[in-house]
Amino acid sequence: AQSVTQPDIHITVSEGASLELRCNYSYGATPYLFWYVQSPGQGLQLLLKYFSGDTLVQGIKGFEAEFKRSQSSFNLRKPSVHWSDAAEYFCAVATQGAQKLVFGQGTRLTINP
Amino acid sequence: EPEVTQTPSHQVTQMGQEVILRCVPISNHLYFYWYRQILGQKVEFLVSFYNNEISEKSEIFDDQFSVERPDGSNFTLKIRSTKLEDSAMYFCASSERELGGNTIYFGEGSWLTVV
C-alpha cells in the first residue's frame, strides 16, 4: 500500500531563512507527487506537483520541490521564508489510475520574526 | 480561477442527527471526492465518485455515509446518524480526469462539530 512520511511534525525557522520540508513515499510504481498548504482554518491549496520530466518543479509562492527517485523523496524548499508562510504543509501521492490521494501527516511551519 | 465551493462552512449538530454537506465541483470536472481531517490529524480519503457511482471508498466510509449528485452541479455527502467521532473538517474535491497525472482541487472545507 502507498504511504507518505513527513518526518518533521513541527519546524520553526526565522523569517528570511531557507526552508526544507521532507517527504518520503513508499510505492512501487511511478508516483505522482503533490505539496499542499493549509493555513489555519482554511482549505488545501496546491503549491506544486510532479508528474514527469524535470525532477525540479517550481510552484507558487516561491516554493520548489525536487523528486529523487533513488531516495523516494520529494522535499519542498524555499530559499527565504516570509511570515505569511506559516501554515501546515502536506505532501501527497497518487498513482496512475488512482482514485485517491494519500497524504502525509503534515508539517507545521512556524516563522520566528 | 475556477474553484470548488462547499456549504456550510461550519455546522454544529447533535449526536444521532443527519447531516448533509454540499459541494459544487469545478464545472468541467468529472471526478469528485470527499476527504476528511480530524483535528490535528492527516487528511484521509473517504470516497471517490465518477459517472454517477462510487468508484472507490475507504474503510471509514461505512453505511452511515452516502454520496449523491442530485443534479448537474451539486455533490453531497450525507451522514445518516452522526457520532462524536465524525467531528472533523470535510473537504470536497474534484478533478477533470482520474488522478495520476491530473490535479485534484479542494474546497475550503466544512467544519462539522458533533455534540
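A note on names: the letters A, B, ... follow the listed sequences, proteins ahead of strands, and every chain is numbered from 1. Quick caveat, the model's predicted, so the values are computed rather than measured.
- Ring pair B/Phe106/B/Phe91 is perpendicular by interplanar angle, where above 60° counts as perpendicular and below 30° as parallel.
- Heavy atoms closer than 4.5 Å to chain B are found in the side chain of A/Gln38, but not in its backbone.
- When side chains are defined from C-beta on, A/Cys23 counts as touching A/Trp35, because their heavy atoms get closer than 4.5 Å.
- Aromatic ring pairs are classed by plane angle as parallel below 30°, tilted from 30° to 60° and perpendicular above 60°; the pair B/Tyr31 and B/Tyr33 is parallel.
- Contacts between A/Leu46 and chain B at a heavy-atom distance below 4.5 Å involve the side chain alone, from C-beta outward.
- Relative to the six-membered ring of A/Phe34, A/Lys49 misses at least one condition, a distance below 6.0 Å or an angle of at most 45° to the axis.
- For the pair B/Lys78 and B/Glu68, the salt-bridge criterion is not met [side-chain N within less than 4.0 Å of a carboxylate O].
- Contacts of A/Phe90 classified as ring-ring contact (aromatic ring centres under 6.0 Å, His included), with partners at least two apart in sequence or in another chain: none.
- A distance of 7.0 Å separates CZ in B/Arg80 from CD in B/Gln64, rounded to the nearest 0.5 Å.
- Below 4.5 Å, heavy atoms of chain A meet heavy atoms from B/Phe45, B/Ser48, all part of residues 45-54 of chain B.
- Looking at A/Tyr50, there are no atoms closer than 4.5 Å to chain B (heavy atoms on both sides), in backbone or side chain.
- Of all heavy-atom pairs spanning A/Asp54 and A/Val57, the tightest one is O-CG1, 3.8 Å.
- Contacts between B/Glu44 and chain A at a heavy-atom distance below 4.5 Å are absent for every atom of the residue.
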